[in-house]
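Remember, predicted model here, so these are calculated numbers, not experimental data. Letters A, B, ... are given to chains in the order of the sequence lines, protein chains preceding strands, and every chain is numbered from 1. All heavy atoms count here, side chains included; hydrogens, waters and symmetry mates do not.
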Number of protein chains: 2
Amino acid sequence: MARWHPNARGRLEQAALELYSERGFEQTTVAEIASRAGLTERTFFRHFADKREVLFGGARALQEFLAKKVAEAPDSLAPIDAVATALEAVEFFFPERREYSRQRQSIISANAELQERDLMKLASLSVALAEALRNRGVGDPAAGLTAEAGIAVFKVAYERWIDETNQRDFRQLVRTALDELRAVITHQ
Amino acid sequence: MARWHPNARGRLEQAALELYSERGFEQTTVAEIASRAGLTERTFFRHFADKREVLFGGARALQEFLAKKVAEAPDSLAPIDAVATALEAVEFFFPERREYSRQRQSIISANAELQERDLMKLASLSVALAEALRNRGVGDPAAGLTAEAGIAVFKVAYERWIDETNQRDFRQLVRTALDELRAVITHQ
DNA sequence: TAGGACGATGGCAGCGACTGACATAAGGTA
DNA sequence: TACCTTATGTCAGTCGCTGCCATCGTCCTA
């Protein structure tokens, strides 16, 4: 394959997704991914920091998306509701990526190293949410705790969104999970 | 050094802690750790799954400790309070390890790979707490959400326990963090 | 249109984490 | 003492990842 074909990064992501699905993350070498994408191992590492990162290309964009949504939320909203509003908007961030998300999550679930990276991205998301809350005037440790609560809600909603066969929309899943968290935390 | 010296595992942990502190995690090779402990690289990997795991030897014991405490909590307690009770008891699990905990946390904070492993251990803790709650009859997703809330509380309490110069006891830190989480989640 | 600047890729050498296979020595036991 | 088990050593090898330099497309400009 000649050089200079367009979208090398995208081809690498696609090849990695296929190979990780076909034979598993550990059983796939970076050289194989690069080869399927018509590139070399060296070039793979110019596009991605390591073998795991190729599955997490969208993390930064999601983080910026959520931080922006929190910043834009009406001042009248309580911190946790500003976060919830941002999370509800995620359905617009994942347009028709449900099948892709399923495949990706299936790969991650099968490998501990990938789960670690996934947790790291969520932690980074939490930090970004907390920072956005502080910019709204929320103090510490409220900002951090609210962000962590938001991430817990997001995890539950996302898992259901992936697993469910019937199409409940993401907004509703977020609202439900937040209500469940409230019920569990509140004094009886 | 002759073979068969006692506590090889402990010596490896000590050597790793020293070297990671002195020159950083990345700048330390496993061969160096093993050498300082009077052993070889191969033996290191018989005691620890990888270079990071040497800092997380206590994770399994803490997990079992917390699960046991949740199981032993009075049936009358709400799920979140059963978890809080377990977390409060952690001060008995860290007897006089405050200085050690500081040093260890300082190492982890300086390296992303170690943070990933730390998050993984906390996630594992959360799974164990959720399982213990299900054994108390708590359903889903309440069990998972309660466990996640507990971990968020634990993080805040632990961070303060490490950072604070004045000796507030762990029980009080846990209670305070839980109250703050409640305030942040509750409708206004 | 020739030439040069610049960015993306290839090729290669090398380090370090980690593993499998086999040898060897220490400690306990009959 | 002979044997067995277990902890350790030795060695070779794979793979993730990086630095360095060469090479090739593409675009810009004179």
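Between the CZ atom of A:R117 and the C1' atom of D:dG16 there is a distance of 13 Å, given to the nearest Å. Look at NE2 on A:H5: it is 16 Å from P on D:dC24, rounded to the nearest Å. A straight line from CD of B:E41 to P of C:dG16 spans 10 Å, rounded to a whole angstrom. Rounded to an integer number of Å, the gap from B:F45 CZ to C:dA21 P is 18 Å. Straight-line distance from the CD atom of B:E26 to the P atom of C:dA17: 11 Å, rounded to whole Å. In this structure, B:L39 places its CG atom 14 Å from C1' of C:dA26, rounding to the nearest Å. Atom-to-atom, CZ of B:F44 to P of D:dG9 comes out at 14 Å; the value is rounded to the nearest Å. For B:E32 and C:dC15, the CD to C1' distance is 12 Å, given to the nearest whole Å.
Proximity of B:T40 to the phosphate of D:dT8: no side-chain N or O atom is located under 4.0 Å from OP1 or OP2.
Contacts of residues 103-114 of chain B with DNA chain D (heavy atom under 4.0 Å): none. Taking a 4.0 Å limit (strictly below) on heavy-atom distances, residues 46-56 of chain A reaches DNA chain D at A:R46, A:A49, A:D50, A:K51.
Comment: A:D81 engages A:R182 in a salt bridge, judged by a side-chain N to carboxylate O separation of less than 4.0 angstrom. The existence of a salt bridge linking A:K51 and A:E113 is excluded, since no basic side-chain nitrogen approaches an acidic carboxylate oxygen closer than 4.0 Å.
For the pair B:Y20/B:V54, a side-chain contact is recorded, criterion being any heavy-atom separation below 4.5 Å from C-beta on. Annotation: side chain of A:E148 is not in contact with side chain of B:V156 (no heavy-atom distance under 4.5 Å). Using a 4.5 Å cut-off on side-chain heavy atoms (C-beta onward), B:I108 and B:R104 make contact.
Remark: A:R42 pairs with A:T40, A:F45, A:R46 by the side-chain contact (heavy atoms from CB on, under 4.5 Å) rule, at least two apart or across chains.
Heavy atoms of other residues, nucleotides or ligands lying less than 6.0 angstrom from CZ of A:R60 number 12 at most. Annotation: B:R102, atom CZ; neighbour count of heavy atoms from other residues, nucleotides and ligands within 6.0 Å is above 12.
The residue from B:F92, B:F94, B:F93 that alone fulfils the ring-ring contact (aromatic ring centres under 6.0 Å, His included) condition with B:F65 is B:F93.
Using a 4.0 Å heavy-atom criterion, one finds that B:A31 contacts no nucleic acid atom at all.
Considering only side-chain atoms of A:T29, the nucleotide from D:dC15, D:dC17, D:dG9 that sits closest is D:dC15.
Each of A:T28 and A:R42 has a nearest nucleotide on DNA chain D; the 5'-most of these lies closest to A:T28.
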